[in-house]
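Below is one structure, written out as structure tokens, with a few remarks after it.
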Amino acid sequence: MAKSNVVPFRKPPKAGRGRDRQRAGEALLRSGQNRRLKRSTAVLGTVIIAVGGWLAYGGAGALPGFATLAKTPTTDSLSAAFSICDGSHRTNCVVDGDTFWFGGQKIRIADIDTPELSPPRCEAERIKGEAAKSRLLALLNAGKFSLAAGFRDEDKYGRKLRTVSRAGNSLGNVLIKEGLARSWDGARHGWCQSGR
């Protein structure tokens, strides 16, 4: 049998067809990028909504320093003659190093945690708690101050959560610098460990 020298006929490519394929490939690539962009935008939007909801329903209390993000009034206009709270006396008095009554409202200083006094878990905590209470009394009586609300208006005990400041400086930070308080991080930590 003899071999045939016949070559099958193929249509030559049309002019510009290679560029059409390249454009189609670029369009597919762009549509993939658009899908990723849309997906990323949807995920980001979901995260923003979730965080907003979490903050709106009290989640900020679990984050350190969020109370200090509150808008601090520009002028100090509040003052009173404070004493130590006793018995039923609940007007302008200090309960402990981070809680006081002012104008009939119980206020928890939002940016700090001080040693417990009711009841203290050890003698060292009691001593430091009494010192923090006395120092807060002196700070509140030292002149006009401001109260600023944070993301949460009050805690689970009904105390108003406020940052207390004078001349733009947190009174809580004064207690921290003096070793009588810690920055509030959303959880109570014991004061009875060695070295504290």
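From a predicted model like this one, the values you see are computed outputs, not experimental measurements.
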**Q.** Pairs touching residues 105-126 that satisfy ring-ring contact (aromatic ring centres under 6.0 Å, His included), sequence neighbours left out
**A.** none

Q) What distance separates Ile112 CD1 from Trp184 CH2, expressed to the nearest 0.5 Å? A) 11.0 Å

Q. Would Ile84 and Trp101 show up in the same hydrophobic cluster when neighbours are defined by side-chain heavy atoms closer than 4.5 Å?
A. no

Q) Between CG of Asp76 and CG of Leu147, what distance do you get to the nearest 0.5 Å? A) 9.5 Å

Q) Is Arg159 salt-bridged to Glu154, cutoff N-O under 4.0 Å? A) no

Q) Taking atom OG of Ser79 and atom CZ of Phe102, what is their separation to the nearest 0.5 Å? A) 7.0 Å

Q) Okay, side chain of Arg166, backbone of Leu139: is any donor-acceptor separation there less than 3.5 Å? A) yes

Q.
Please find the pair of heavy atoms, one from Asn92 and one from Gly103, that lie closest to each other, and give the distance.
A. OD1-N, 2.9 Å

Q | Linked, directly or transitively: Phe100 and Leu78 (ILVMFWY side chains, under 4.5 Å) | A | yes

Q) So which heavy atom on Leu180 is nearest to which on Pro115, and how close? A) O-CD, 3.5 Å

Q) When you check the gap from the basic side-chain N to the acidic O, do Asp153 and Arg162 get nearer than 4.0 Å? A) yes

Q: Taking all non-hydrogen atoms of both residues into account, name the closest pair between Asn141 and Ala80 and its distance.
A: OD1-O, 3.4 Å

Q) Between Ile109, Asp96, Thr99, which is the residue that forms a side chain to side chain contact (heavy atoms under 4.5 Å, CB included) with Leu136? A) Ile109

**Q.** side-chain contact (heavy atoms from CB on, under 4.5 Å) evaluation trace for Thr75 with Lys144
**A.** CA-CA 9 Å; Thr75 59; Lys144 292 186 176 188; over 6 Å; no

Q. What class does the angle between the rings of Phe82 and Phe145 fall in, given that below 30° is parallel, 30 to 60° is tilted and above 60° is perpendicular?
A. tilted

Q: Give a yes or no on whether the backbone of Thr163 and the side-chain of Asp111 come within a donor-acceptor separation of less than 3.5 Å.
A: no

Q: Heavy atoms only: give me the nearest Arg182-Gly190 pair and the separation to one decimal.
A: NH2-O, 3.0 Å

**Q.** Nearest heavy-atom neighbours spanning Asp113 and Trp191
**A.** O-CZ2, 3.5 Å

Q.
Apply side-chain contact (heavy atoms from CB on, under 4.5 Å) to residues Leu171 and Leu140 and explain how you reach the verdict.
A. CA-CA 9 Å; Leu171 297 187; Leu140 290 172; 4.3 Å; yes

Q.
The test is side-chain contact (heavy atoms from CB on, under 4.5 Å); show your working for Cys85 and Arg90 and say whether it passes.
A. CA-CA 6 Å; Cys85 296; Arg90 296 289 183 238; 3.2 Å; yes

Q. In terms of hydrophobic clustering (I, L, V, M, F, W, Y; side-chain heavy atoms under 4.5 Å; direct or indirect links), are Ile176 and Leu137 co-clustered?
A. yes

(Q) Ignoring hydrogens, what is the shortest heavy-atom contact between Lys133 and Val95? Give both atom names and the distance. (A) CD-O, 3.3 Å

